[in-house]
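In what follows, every heavy atom counts, from backbone to side chain, and hydrogens, waters and symmetry copies are set aside. Per chain, numbering begins at 1; letters A, B, ... match sequence-line order.
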Amino acid sequence: MPERAQPAQEPLDGHEDAEGEALRARGEQAQRRRQGARGLEIGRELGQPDPLLRSRPVPHQGPEDRRGGGQYHRGARRRARSIHGGLAQGGPVTDMTDKQQDSGAASPDRAEENKLIAERRGKLAALRGRGGPAFPNDFRRTALAGQLHGAYGERDREWLEANPTRVSVGGRMMLKRSQGKVSFANIADRTGQIQLFLQRDAVGEEAYADFKTWDVGDIVGATGLIFRTNAGELSVRVESLRLLVKSLRPLPDKWHGLADVEMRYRQRYVDLIVNEASRNVFRTRARIVRYLRDFLDALDFLEVETPMMQPIPGGAVARPFVTHHNALDLDMYLRIAPELYLKRLVAGGFDRVYEINRNFRNEGLSTQHNPEFTMLELYLAYADYRDIMDWVEKAIRGLAETLHGSQRLTYQGREYDLSRPFRRVTVEQAILENNPDFDPLSMRDPTYLRKFCERLGIPVHPHDGPGKLQIEIFEKTAEHTLMDPTFVHAYPAEVSPLSRANDADPFLTDRFEFFLAGRELANGFSELNDPEDQAARFRAQVARKERGDEEAMYYDADYVRALEYGMPPTAGLGVGIDRLVMFFTDSPSIRDVILFPHMRPE
RNA sequence: GGGGCGUUAGCUCAGUCGGUAGAGCAUCGGACUUUUAAUCCGCUGGUCGACGGUUCGAUUCCGUCACGCCCCA
């Protein structure tokens, strides 16, 4: 329901009130801004209310010529500029910017300029020549497209005529249909599109002529009454309109949209302007993260943030990115996982913690791997890996229900029924199921495993033990077959240096991985909280590293020290958020669910 | 790292068995006062990814490279 979309009995009545209200609001903003640069930034981030969410007594904002030039604006602009200047003063940031601009060699932008852009630059120049700001920021919306459709979508022409409602809408012009003395335009805001209806005789000859020079892609603001056209489309009968932003670059084809995947990833802004499906992927992504936060918050988890730059990269088996801290003259690593820090927190008494944030792994790219990706990691004390599996199952179902309203969904053309109990198999079972000729009695025989690997064409290292060899076989032959949701558990200790050993069978750990659509989505285990066992496992990793295994872990003495103070019995979980989003948005590539996926520079 | 495919107008795509290229949409000019990808008329618009080779002639054939996508390691 649009707060401001109240019937305006007398359009001109209350106009001054509206103006006064707007000015008062701006005065408050100005006051906040006077508290200094820091205050302004915080105000923008946190404090400044969205004008759309604040109710005002009258829906009408008044004609634009009353809004351009007041003291408030000049003052605000001056302050804003000085803030930018402050940020840009000296320092390496400025240097870098300058360098980038210089090395840009006669501005690469110009090179790709064409007639269409030149045309629009000409229009912008004409706009500047008129005086007044070419990019004004004093237009305010009173309604969004989606609100209007929601509130008036069911109303017929007669009702709308009997209840005149004046609104101001703003957005990017997506379609434009001019036919002589009347024109239609569709403008898009974050909630959808609404049609504008313009008549020359209603907006005036000059404004109408201006409008005709505007282009699809321009951002406009319009004020008028809600009505329904002859064809029945809910529209705004424009009384006044303004060009707010001249768009210099033409949008992709209005019908075919943007198909070039490279451009969709590199210029995501264009993709988002044009492709509703793409916008929806990222909305769904946000809903998924929100769901998980709600899920964990309801269980009294504490959300925390742990270092992204670590002196010792730990918590996973992966190659890290290296960076350098100048003041400390110290190499640091972008984290490959937050695990060891989160468990320090469990030792510290935060015995239900989670973090949703980026990890960085210096490895290849694929449809399932981006160098930076988002993980949910959580730890809870007094629980084991079976409890975690139950939670994963519950959360996956809850997500399906929340996002799709159903436990049955389709991913890449295949049906998934999440309502059935998720399958649980051990690593060794999974190997046997997918390798009929595998000798079950030789399951842990290094010589046999080595030969089997060689037969499969898996490169093996001389120091690989039976556990590592098992996992190689599992990954090669079984992983991609696990389409329906499956927990694979009982991972070898050899490849699980942070997992608790199984009480009955120390070859194994109490660890699982969760597979869906043939790929790993989550990894969880009962945590190894025996400091002496952990120290021994770290030593074994260091030995591997010394033998040339770049992915082996470092010895983290402080982490062992934390365990020596005592960490309660704990279970933990890591969930690959990007892959989860892929599944629930039916996206074939991880790049489809990351706003700015890693690409080689243009 | 290996293999396959792709790169042509702003966008979406054709095409040239080797003779320097087309369509739709967009742009530009014109007509049109209720359109829905508006319609109609007219005009523009290209280093055919880059470099090299073969050839009288290469966007087309060959090679190398760049970028992208897919598969494999």
Side-chain angles (χ1 to χ4, degrees), chain A residues 108-109 111-124 149 157 160-161 173-188 192-205 208-209 211-218 224-225 227-238 246-268 270-271 273-276 363-370 412 453-454 456-461 472 475-477 479-480 518-519 587-592 597-602:
Chain A
D109 282 357
E112 55 172 292
E113 297 257 316
N114 59 46
K115 213 163 117 183
L116 299 174
I117 295 176
E119 197 83 48
R120 292 180 176 217
R121 279 196 197 279
K123 290 176 180 176
L124 174 59
H149 288 296
R157 300 186 74 173
L160 292 169
E161 263 176 53
M173 190 153 63
M174 302 304 291
L175 286 172
K176 188 184 170 200
R177 298 179 290 277
S178 272
Q179 41 175 91
K181 300 180 183 63
V182 65
S183 289
F184 299 85
N186 293 28
I187 63 168
Q193 296 195 5
I194 185 78
Q195 179 171 267
L196 304 182
F197 175 70
L198 286 85
Q199 283 171 303
R200 188 194 64 179
D201 297 344
V203 300
E205 239 172 272
Y208 191 76
F211 169 80
K212 284 199 148 187
T213 69
W214 299 353
D215 295 291
V216 168
D218 289 351
L225 297 178
F227 81 116
R228 208 171 272 286
T229 62
N230 286 350
E233 177 151 350
L234 193 71
S235 307
V236 175
R237 186 190 294 276
V238 175
K246 182 67 207 167
S247 170
L248 295 177
R249 289 175 180 268
L251 289 179
D253 190 288
K254 66 185 174 188
W255 185 243
H256 299 98
L258 181 61
D260 179 358
V261 289
E262 184 173 354
M263 189 163 156
R264 286 187 51 223
Y265 298 151
R266 283 194 198 279
Q267 294 177 243
R268 183 67 87 182
V270 179
D271 181 40
I273 289 171
V274 167
N275 292 326
E276 168 79 13
E363 292 161 358
L365 290 78
S366 80
T367 49
Q368 291 162 66
H369 298 86
N370 196 61
Q412 297 297 294
C453 280
E454 281 163 8
L456 289 170
I458 300 171
V460 291
H461 303 287
E472 293 288 350
E475 287 179 356
K476 174 90 174 184
T477 63
E479 180 168 328
H480 66 273
R519 54 179 81 117
S587 299
S589 169
I590 198 169
R591 298 180 197 94
D592 296 322
H598 179 80
M599 304 283 275
R600 277 199 166 81
E602 285 179 86

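Residues satisfying the side-chain contact (heavy atoms from CB on, under 4.5 Å) criterion with A:His256, sequence neighbours excluded, are A:Asp253. Here A:Glu262 pairs with A:Arg266 under the side-chain hydrogen bond (donor to acceptor under 3.5 Å, both in side chains) rule; sequence neighbours left out. By the side-chain contact (heavy atoms from CB on, under 4.5 Å) test, A:Glu479 pairs with A:Phe474, A:Glu475, A:Phe515, A:Glu520, sequence neighbours left out. Partners of A:Asp218 by side-chain hydrogen bond (donor to acceptor under 3.5 Å, both in side chains), not counting sequence neighbours, listed by chain and number: A:Lys246. Taking the side-chain contact (heavy atoms from CB on, under 4.5 Å) definition, one finds that A:Gln195 meets it with A:Arg177, A:Phe184, A:Asn186, A:Thr229, A:Glu233, A:Ser235, sequence neighbours left out. The salt bridge (Lys or Arg N to Asp or Glu O under 4.0 Å) test applied to A:Arg264 returns A:Asp271, not counting sequence neighbours. Partners of A:Pro597 by side-chain contact (heavy atoms from CB on, under 4.5 Å), not counting sequence neighbours, listed by chain and number: A:Tyr265, A:Arg268, A:Asn370, A:Arg591, A:Ile594. Under the side-chain hydrogen bond (donor to acceptor under 3.5 Å, both in side chains) criterion, A:Glu161 pairs with no residue, sequence neighbours left out. Qualifying side-chain hydrogen bond (donor to acceptor under 3.5 Å, both in side chains) partners for A:His480, counting only residues two or more places apart in sequence or in other chains: none.
The CG-C1' distance, from A:Asn275 to B:rC11, rounds to 12 Å in whole Å. As a whole-Å value, the separation of A:Phe184 CZ from B:rA37 P is 13 Å. To the nearest angstrom, P of B:rU35 lies 20 Å from CD1 of A:Ile187. Taking atom CG of A:Leu175 as the reference point, atom P of B:rU36 lies 12 Å away to the nearest angstrom. Rounded to whole Å, atom P of B:rU34 lies 17 Å from atom CG of A:Asn186. Counting to the nearest Å, the P atom of B:rG10 and the NE2 atom of A:His256 are 17 Å from each other. Here the C1' atom of nucleotide B:rU35 and the CE atom of A:Met174 are 18 Å apart, to the nearest Å. To the nearest angstrom, C1' of B:rU27 lies 11 Å from NZ of A:Lys176.
Taking the P atoms as reference points, B:rG63 lies 15 Å from B:rG18, given to the whole Å. Comparing the C1' positions of B:rU8 and B:rU20 gives an interatomic distance of 13 Å, to the nearest angstrom. Going from the C1' atom of B:rU55 to that of B:rU12 covers 35 Å, rounded to whole Å. Nucleotides B:rU7 and B:rU60 place their P atoms 12 Å apart, quoted to the nearest Å. A distance of about 11 Å separates the C1' atoms of B:rC43 and B:rU27, rounded to the whole Å. Nucleotides B:rG6 and B:rC62, compared at atom P, are 11 Å apart to the nearest Å. When the P atom is compared between B:rG42 and B:rA26, the two are found 16 Å apart, to the nearest whole Å. For B:rG49 and B:rU16, the P atoms lie 15 Å apart once the distance is rounded to whole Å.
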Show me the protein contacts with nucleotides 42-45 of chain B, counting only N or O atoms at under 3.5 Å.
{"from": "B:rU44", "atom 1": "O2'", "to": "A:Lys115", "atom 2": "NZ", "distance (Å)": "2.1"}

Atom pairs under 3.5 Å, N or O on each side, protein against nucleotides 28-31 of chain B: can you list them with distances?
{"from": "B:rC28", "atom 1": "OP1", "to": "A:Lys123", "atom 2": "NZ", "distance (Å)": "2.6"}

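Looking only at distances, a side-chain donor or acceptor of A:Ser247 sits under 3.5 Å from a matching main-chain atom of A:Arg249. In terms of modelled atom types and a separation under 3.5 Å, the side chain of A:Asn114 and the main chain of A:Leu116 share a donor-acceptor contact. Between the side chain of A:Arg237 and the backbone N or O of A:Leu225 there is no donor-acceptor pair closer than 3.5 Å. Although no hydrogens or angles enter the test, the distance criterion places no donor-acceptor pair under 3.5 Å between the side chain of A:Lys476 and the main chain of A:Gly457.
Considering only the side chain of A:Leu116, B:rA26 comes nearest among B:rU34, B:rC25, B:rA26.
Pairing for B:rG46 is absent, judged as Watson-Crick or G-U wobble with the two contacts each under 3.5 Å. Pairing partner, B:rC11: B:rG24, with both Watson-Crick or wobble hydrogen-bond distances short of 3.5 Å. Base pairing of B:rG57: no nucleotide in any strand meets the Watson-Crick or G-U wobble criterion (both distances under 3.5 Å). The partner of B:rC69 is B:rG4, by the rule that a Watson-Crick or G-U pair needs both atom distances under 3.5 Å. B:rA38 is unpaired under the Watson-Crick or G-U wobble criterion, no partner having all donor-acceptor distances under 3.5 Å.
Phosphate proximity of B:rU35 to A:Arg177: absent, as no side-chain N or O sits under 4.0 Å from OP1 or OP2. For A:Lys254, a side-chain nitrogen or oxygen approaches OP1 or OP2 of B:rA26 to under 4.0 Å.
At a cut-off of 3.5 angstrom, counting only N and O atoms as typed in the model, there is no donor on one side facing an acceptor on the other between the side-chain of A:Gln199 and the base of B:rU34.
Contact annotation for A:Ala259: backbone-only contact, meaning every heavy-atom pair under 4.0 Å involves sugar-phosphate atoms and none involves a base. Within the nucleic acid shown, A:Glu602 has no heavy atom closer than 4.0 Å to any nucleic acid atom. The residue A:Leu258 sits close only to the backbone: its heavy atoms come under 4.0 Å of sugar-phosphate atoms, none of a base.
Of the candidates A:His369, A:Glu363, A:Gln368, A:Ser366 forms a side chain to side chain donor-acceptor pair (under 3.5 Å) with just one, namely A:His369.
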Checklist entry - How does each nucleotide of nucleotides 68-73 of chain B score, in 5' to 3' order, for protein heavy atoms under 4.0 Å: base (B), sugar-phosphate only (S), or none (-)? => result SSSS-S
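Annotation: of the two residues near RNA chain B, A:Pro250 and A:Asn230, the 5′-most nearest-nucleotide partner is A:Pro250.
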